[in-house]
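Heads up, the thing below is written out as C-alpha cells.
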Number of protein chains: 2
Amino acid sequence: MKSAAKAQQAEDSAETGAQQIRDAIREAIVERRLSPGTKLSESDVGNLFNVSRTLARAALQALSYEGLVSVEKNRGAFVAYPSPDEARQIFSARRLVEPGILREAAARITPDDITHLRQLLLEEGRLMSERGQTARRAEIKASGDFHLMLAAISGNSIMQRFMEELVARSSLVIALYGQSTASSCGHSEHGDIISAIEADELDRACQLMLDHIAHIEADLDLRERKSLGLKEAFEL
Amino acid sequence: MKSAAKAQQAEDSAETGAQQIRDAIREAIVERRLSPGTKLSESDVGNLFNVSRTLARAALQALSYEGLVSVEKNRGAFVAYPSPDEARQIFSARRLVEPGILREAAARITPDDITHLRQLLLEEGRLMSERGQTARRAEIKASGDFHLMLAAISGNSIMQRFMEELVARSSLVIALYGQSTASSCGHSEHGDIISAIEADELDRACQLMLDHIAHIEADLDLRERKSLGLKEAFEL
DNA sequence: GTGCAAAACATCGTATACAATCTTGCCACC
DNA sequence: GGTGGCAAGATTGTATACGATGTTTTGCAC
C-alpha cells in the first residue's frame, strides 16, 4: 500500500478513544451487525466499550455527522434509518461523483495500483463463494473497498472521505431496501471497470461505473415503509 | 424561500447549544473574522459563549470534522490552515461536483428559484460597491451563497451539505492565498451562469461554471508558506 | 554566556455528578 | 371501562473535577 493511493492518511496513530469507538461502531454498521433503527444509548455504548458516557457521546455525535446514526434531541441515538428519499439522494450523489473520481484515478493510476485492485477483486470473489455470516460481512466490506480504493487512487483526500461516507450509507440503504440475496454489488462489473481503465477507454469505464451504480439501485425496493412506527420493528 | 430549494433542512429549531456555537464559529471563519491558524482553546471558546468546556469541545470537534478547524492532540484547536495541496484538492473537488450539481439544479429549477437567484446577485452587486469591513464580509458570504443555492435547488441535501463544506473551506483558502483585492468570485460570472440556465444551454452553463472555478483558483498564489512558525503570524 | 534539565504552567482527555427533558406506568375520575 | 393527568423512572444535556500530556520558563552547571 505505498502506491499513488493513500498519499494522505498520515494522521497520528494514537487515536483518541472516541475515534476508536466511532470506528468500531461504524464498522459494525457497515458490516450490518447493527440494523438500522437500533437504539444506541450513550450509557450502553459506554459500558460496552468500558468508557464513560462522555466518549460514547462524542463517538455517536461524530457518526451522526457522517449520517450513519441519527441523534434525536433528548431521545437518544439510533442507527440511521434512511428514508427512500434519502436513499435516492445517496445514489444520486454517487452517480454524480464516481465518474469524476474514476477519471481522476485513471489519470494517476500506477501498475501497482492495478495490482492491488485486482487483488481486492480476487479476495472479493473468494468471499462470495464462501458461506457463513462472517464471509458475507467481509464480502460487503470488500465490495465497498473497491470504490474506496478508486477514491484513494484519485489522490483527493476530500473526495475520498466523501466516498467513505457515501459507501457506508449505501450499505445501510442496501440493508434496508435490498431485495436480492446477492447483497453487495455485482462482482464482475468491478472487473470490467478495471479492464476499461487499463485499456484507457475512459468514457467506457465511466459508463460502466454508472451502469454499475444503476444496477445496485435497481435491486432496491424503495417503497415507503410506514413512516410512523418504523422503529417498533426493532423494539418488538 | 419555499421553492424547490430548501426542500430539506427541516430539523428542529431547538439547536443543542453546541450547534449554535459551531455555527457561530463557522460563520466567523467563513466571513474571515477569524484568520487561519488562530488558536481556539476550549476554555476560551467556552468563556466567550458562556458555556462549559464540554460544549466548546463538542463544537470544535464538529468543526474539525468539517475541515474548518484542526485539532492537535493535547495541543489545542486552530482555525484550519489549509496547505497548498489541500487547497488544490478543495478546488479539484469543486470542479468535480459543481457541474453535476448545476445539471441537477437546472432540471428542477422553478421560476421562483430564478427570481431568488437573481435577488441574491443583486444583493451581491450592491455589497460589492459598498465600502467597509461589514459589507466586505457580507459580500463574501453572498458570493458563496450563490453556489450553495444551486446546491439547494438541486434537491440533494447530501450534495448540499458537501458543498457547504467546500465553500467554507474555499473561503479559508482564498483568505490565505488570494491575491486580488476582489476577494470573492467574479460577480458577473454568476449572472452568466444563471442566464445560461435560463436559456436551457446546459453544456454552456457547466462550462461557465468550470471557468468560474478556474478563475477563482487562478487568483491564488499557491506557494508553500514556511510550514513552521505559521501561527506566530497571528500571535504577534 | 550558553546549553540542558527539571519544575511550573497551560491545555487537553476522560470521568463523574447534577439538572432538564422525555417516556412510562399507575391511579383517580369521568 | 376508558381517559386524563400525575408521578416515577430512564435518558440525554451540561457542568465541574481530576488526571495526563505538551510547552514554556527558570535555574543551575559548565
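These values consider heavy atoms only, across backbone and side chains, with no hydrogens, waters or symmetry-generated copies. Residue numbering restarts at 1 for every chain, and letters A, B, ... go by the order of the sequence lines.
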Counting N and O atoms only, with roles assigned by atom type, does the side chain of N156(A) sit under 3.5 Å from a partner on the main chain of Q89(B), one being a donor and the other an acceptor?
yes
- prompt: Please walk me through it: do L68(A) and I25(A) pass side chain to side chain contact (heavy atoms under 4.5 Å, CB included)?
  reply: CA-CA 10 Å; L68(A) 289 183; I25(A) 297 180; over 6 Å; no
R75(B) CZ to dT23(D) C1', in whole Å, measures 8 Å
To the nearest 10 degrees, the angle between the two end axes of the helix from dG1(C)-dC30(D) to dC30(C)-dG1(D) (five pairs per end) comes to 10°
R94(B)/E217(B) salt bridge by N-O under 4.0 Å criterion
no
Exercise for the section: Would you mind reporting whether V69(A) and I29(A) have side-chain heavy atoms less than 4.5 Å apart? Expected result: yes
Whether the side chain of S64(A) engages the backbone of L60(A) through a donor-acceptor N/O pair (distance < 3.5 Å, no angle test) should be reported. no
Under 3.5 Å, N/O pairs linking protein and nucleotides 19-21 of chain D:
{"unit_1": "dT21(D)", "atom_1": "O3'", "unit_2": "N74(B)", "atom_2": "ND2", "d": "3.3"}

Separation of dT23(C) atom P from K73(A) atom NZ, nearest Å, is 13 Å
**Report entry** Residues E66(A) and R22(A) bridged, charged N to O under 4.0 Å
**Finding:** yes
Sorted by number, residues from residues 44-69 of chain A placing a heavy atom under 4.0 Å from DNA chain C are V51(A), S52(A), R53(A), T54(A), L55(A)
Which of parallel (below 30°), tilted (30 to 60°) and perpendicular (above 60°) describes H212(B) and H190(B)? perpendicular
query = Are side-chain heavy atoms of V173(A) and F91(A) found at a separation under 4.5 Å?
reply = yes
Atom CD of E72(A) and atom P of dC22(C) are separated, to the nearest Å, by 12 Å
Note to self: Does this structure show an ion pair linking E123(A) with R126(A), if we count only N-O contacts that are shorter than 4.0 Å?
What the structure shows: yes
Between CD of E42(A) and P of dT21(C) the distance, given in whole Å, is 16 Å
- Message: Can you tell whether the side chains of R169(B) and E165(B) come within less than 4.0 Å, N to carboxylate O?
- Response: yes
